[in-house]
Amino acid sequence: MTDYGLDLAVIGNCRTAALLDPAARIVWWCFPRFDGDPVFCRLLAGAEENGFADVVLEDLAESSSEYIRNTAIVTTTMRDRHGGAIKVTDFAPRFYHLGRTHRPPQLIRMIEPVAGLPRVSIRIRPMHDHGGLSMQRAMGSNHIRYTGGEVALRVTTDAPLSYIDREAAFVLTRSLHLVFGSDTPFEGSLDSTCREFCDRTSTYWREWVRRLAISYDWQDATIRAAITLKLSNFEETGAVIAAHTTSIPEAPGSGRTWDYRYCWLRDAYFVVHALNRLGATRTMENFISYILTVVSQNENLQPVYSIVPTDTMEERFEPKLAGYRGDGPVRVGNAAAGQEQHDTYGSVILAAAPMFFDRRLPRIGDADLFRRLEPLGEKAAILAMTPDSGIWEFRGRKRIHTHSAAMCWAGCHRLEAIASHLGLVDRAQYWGATATKLGDELLTRAWNEKRKAFTAAVDCDDLDASVLLLPELGLIEPNDPRFISTVEVIEKELRREQHVMRYVGSDDFGRPETAFLICRFWLIDALWMIGRRDEARDMFFDALKLRNRYGLLSEAVDPRTRALWGNFPQPCSMAELILTAIKLSRSWEDRYWRSSS
């Protein structure tokens, strides 16, 4: 089979999500929720041909695959050498029903003959125990039940069960339907229900997109990124995951394989911030509910939590899976939950701040919510200038990281603004004084006169792309000579043609080899703010070329080959794409009415 790498699409419904390749092979599906056992795990199975579901067209000549515009529905058209053709449609149902959102842990696949008499075979090979064992199957009258361990998966279908059981080829003369989901009977007509669900899911996504407040330029890229961000929201609890996969290496052979199927509070802030800028505020509202649940347990925040925040995240290896392209180890859980990452406190406050100012929201933030946030501000003020593991989660060292301290400052600064807005004069004065003191100390200690730059941490010479966020946070003006000098130094040392490294020094796993996409967008924003706008636009145009055929990005890119690496799809990369597009775009008025070039 063709190795498509990360040229994959994501389908989902904010409860479950799957990845499929351009040949309509489902290569990754954690069931029944984002962090579940991957029943389809081919993406991490190495050379083993198990853990997938696909449709094989005999004598395949060509295929094409794409999203239906402005939806999370994928269609794949395959043509054989004899003029036969089929269309495969894949989606996870999501629509409003009886005043609620219908989003079952379910995937639907529809296979239609388009031309000629195509011969197809349908293969379903689920696994359990993280790729360790094939599932046992039992056929009913219109379904196949797959079981293994605690997992029970039912595939309800009007396709010939004996052909599926034998993976035998047959002539496709009518439309077939497969519903993958929980082990419960499927109610209603399969044909009409699948088509109805597809139509209603399409309507849901198109209506959701219609309400986005997008900029004039790069609309399609922005819309696809926004849908991808929405799919990272586990709506039931409000968690926002960092990616749908585990253990896609940051670089080949690096050992940098991490499980991202959890909610990093920092990453979630980037996501809700981007969606808020587009007017999609419900994800933020759900995330604040999630945060309140977390804070009610303990005000000492972890940087990352499970999508059900009380669940354990103990990190372990899963040797039964060989890894992406055979490159392991495969990890489940994440030890970062036990780290100190002080930017977390600021991230939560920044994520919550629009609740107090955005008049579109049905429930505006009040003094009670403010009081819930104040203890987080106190933590931020105390911890800001103390060592932590930082935004890049170093496992072998701690420093007083500039980005962590800046986020703590931003949290205190936003509390001042919120208190002023609520008319709490004393609290506004308190948080204003706290922020001023912290900001002055940070700017003094993080500036390195020898390097002519703000460095990764206080009293050190290392550079770090995260300091490019300082003006975005409001800590410094973009025209400050110190920031302009910082941008120039970062370009000299961290830029690799159009790509930007996080840092270049050795860490726990040696020197980093790939460039994080989020860092490129930070540099583009910085160039734009300091007036180098043509350069910024050129870098952004090039960044858009890194997206795969579906318009998606991963975490990192190899500067030499331009291949995508790291967990996928990466909401932080997609969020920064949105924010940068907003910053660089021409206005609707200038472009549409005045016809500016």
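- Taking a cutoff of 4.0 Å between a charged side-chain nitrogen and a carboxylate oxygen, Arg482 and Asp480 qualify as a salt bridge.
- Put simply, the side chain of Arg331 gets close to the backbone of Thr257: a donor and an acceptor are under 3.5 Å apart.
- With sequence neighbours excluded, the residues that form a ring-ring contact (aromatic ring centres under 6.0 Å, His included) with Tyr67 are Tyr550.
- Under the side-chain contact (heavy atoms from CB on, under 4.5 Å) criterion, Leu350 pairs with Tyr269, Met407, Ala410, Arg414, Leu473, sequence neighbours left out.
- Ring-plane geometry between Trp258 and Phe509 is classed as perpendicular, the angle between the planes exceeding 60 degrees on a 0 to 90 degree scale with a lower cut at 30.
- Checked against ring-ring contact (aromatic ring centres under 6.0 Å, His included), His401 has the following partners two or more places apart in sequence or in another chain: Phe394.
- Under 3.5 Å, the side chains of Ser404 and Asp388 contain a donor-acceptor pair of N or O atoms.
- A donor-acceptor pair under 3.5 Å links the side-chain atoms of Asp217 to the main chain of Arg586, judged by distance alone.
- For residues 239-249, no residue pair satisfies the salt bridge (Lys or Arg N to Asp or Glu O under 4.0 Å) rule, not counting sequence neighbours.
- For the side-chain contact (heavy atoms from CB on, under 4.5 Å) test, residues two or more places apart in sequence or in another chain that qualify with Cys198 are Ile73, Thr89, Phe91, Met110.
- When each of Glu555, Glu393, Glu513, Glu250 is checked for a salt bridge (Lys or Arg N to Asp or Glu O under 4.0 Å) with Arg502, only Glu250 meets the rule.
- With sequence neighbours excluded, no residue satisfies salt bridge (Lys or Arg N to Asp or Glu O under 4.0 Å) with Asp534.
- For residues 470-479, the salt bridge (Lys or Arg N to Asp or Glu O under 4.0 Å) pairs, not counting sequence neighbours, are Glu472-Lys583.
- Every residue meeting the ring-ring contact (aromatic ring centres under 6.0 Å, His included) condition with Tyr260, not counting sequence neighbours, appears here in chain and number order: Trp264.
- The list of salt bridge (Lys or Arg N to Asp or Glu O under 4.0 Å) pairs with a residue in residues 218-228, not counting sequence neighbours, is empty.
- Residues that satisfy the side-chain contact (heavy atoms from CB on, under 4.5 Å) test with Ala115, not counting sequence neighbours, are Ala85.
- A donor-acceptor pair shorter than 3.5 Å cannot be found between the side chains of Asp507 and Trp392.
- Applying the ring-ring contact (aromatic ring centres under 6.0 Å, His included) test to Phe454 and every residue at least two apart in sequence or in another chain returns Trp447.
- Note that Arg25 lies in the cation-pi zone of Phe52, set by a 6.0 Å cut-off to the ring centre and a 45° limit from the axis.
- The stretch residues 515-533 participates, sequence neighbours left out, in these salt bridge (Lys or Arg N to Asp or Glu O under 4.0 Å) pairs: Glu491-Arg532, Arg520-Asp542, Arg532-Glu535.
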